[in-house]
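In what follows, chains carry the letters A, B, and so on, assigned in the order in which the sequence lines appear, proteins first and then strands, with residues in each chain numbered from 1.
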Amino acid sequence: MAGTDPVKGRIRCSICPAPSIIRFRDTDRQLCAEHFSANLKERIKKTISDHTMINPGDRIAVALSGGKDSTALLLLLTDIVPAYDGVTLVAVTIDEGISGYRSDTIRSAEKIAQETGVEHIITSFSGLFGKDLDEILKGREERACSICGILRRKALASAAQSAGAIKLATGHNLNDEAQSVLMNTMRGDLVRFIRDSGSDSGGCFIPRIKPLMDISEKEIAVYLMSMDRFPDLPECPYTRYALRAEVRSRLSTLEFRHPGTMRNLVTGKERLASILAGIPLGGAINRCTECGEPCSGTVCQTFRLIDTVLK
Amino acid sequence: MESERESVQVTMIVTLPDSSSHDIGEEQRTVEAILIRFGINPLEVIVSVGGTVVPENTIVSGDDRIRIIRIAHGG
């Protein structure tokens with residue numbers, strides 16, 4: 001049981017006399033900055049180990065938007081990967097071309113890459129697709145997140161492959177994973193519901209790893225704040241169009257009222273995926289007939305977009 | 001005498017994510033109670049008191065300066 005300073009109400013760490021910066025609601029445990037940082041690293045190492053995310057000699061591209069999740073991911077991976085022989089990191093940032101938003105986050109990405117000494121590559125939508133996102137979305141703003149998501153996945157894979165990486169690490173956290181479970185359930189998309197982006201796809205997709213998948217968004221923010229590295233950045237102007245924004249808000253309320261909701265959603269999905277393993281669900285990976293890129297149908301989503309919104 | 005008493009009166013100031021500041025008196029309460037009063041889900045923000053991050057069950061009072069920072073998203 002953590003102690004409390006009777007005068008100022010400050011709560012002490014459950015392990016040492018230092019002030020607590022976070023309370024774990026399930027166990028009522030309190031941790032100071034130093035013990036929370038150590039706790040976070042150990043849990044991420046366990047996630048990496050449990051899912052065999054990193055092997056000796058891997059060259060890993062770290063998707064670095066400059067926001068809080070990717071900033072924490074890069075900081076934590078630079079600390080963790082030296083334990084693996086020959087593992088190298090390269091940070092990749094996608095400049096979608098979103099006025100009033102992306103230039104600030106790119107500056108933040110450049111700063112953190114420089115401070116960690118990690119090689120940094122920036123790829124732009126305009127360089128890759130001939131138009132920036134603002135231009136692509138004129139009159140289609142309500143489709144912003146789905147269009148951006150498809151093009152950003154393509155841009156990240158392209159940048160990672162150009163950098164010689166064999167894996168792509170993303171900053172997806174527990175909240176993101178739980179939101180995806182709920183969104184895929186709402187859409188009735190069973191294939192996407194159980195698909196594991198890190199699983200073997202016959203060499204078609206660059207495997208993705210999500211070392212922060214067991215860490216909540218709040219924990220990431222507290223970690224960065226305690227290190228004075230919380231990036232004070234604007235929110236993407238297109239967020240308001242996203243289904244995810246609504247799911248995020250409702251799920252966050254449920255998690256507050258019913259602690260463990262997000263974890264239960266992700267655990268339930270993993271159980272179902274393991275039961276359904278090996279059962280064909282119509283999600284075979286093909287090659288796009290137009291460009292040869294991997295896809296689930298006959299023509300890839302990127303080509304369909306290039307054929308419509310990018311012309 | 002009255003003006004002297006007023007000049008030493010202590011009060012807590014809460015700064016919300018939109019940068020607005022609110023005087024909430026000096027009565028002690030938890031950070032979580034303050035967040036709920038302002039209709040904020042504690043899972044969507046981090047809170048600092050006097051510049052230091054604190055857990056939501058921290059008791060604040062007197063002249064504490066409480067800053068609420070929204071965990072930005074999308075990017």
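- The pair A:Arg248-A:Glu217 meets the salt-bridge criterion, since a charged nitrogen lies less than 4.0 angstrom from a carboxylate oxygen.
- Contacts between A:Thr253 and chain B at a heavy-atom distance below 4.5 Å involve backbone atoms as well as side-chain atoms.
- Between A:Arg102 and A:Asp134, none of the side-chain N atoms (NZ, or NE/NH1/NH2) sits under 4.0 Å from a carboxylate O, so this pair counts as no salt bridge.
- Looking at A:Glu255 and A:Lys218, no side-chain N of the basic residue comes within less than 4.0 Å of a carboxylate O on the acidic one, giving no salt bridge.
- For A:Arg244, no part sits under 4.5 Å from any heavy atom of chain B, backbone or side chain.
- Of the atoms belonging to A:Ile22, it is backbone heavy atoms, and not side-chain ones, that fall under 4.5 Å from chain B.
- For the residue pair A:Ser70 and A:Ser65, a side-chain donor N or O sits within less than 3.5 Å of a side-chain acceptor on the partner.
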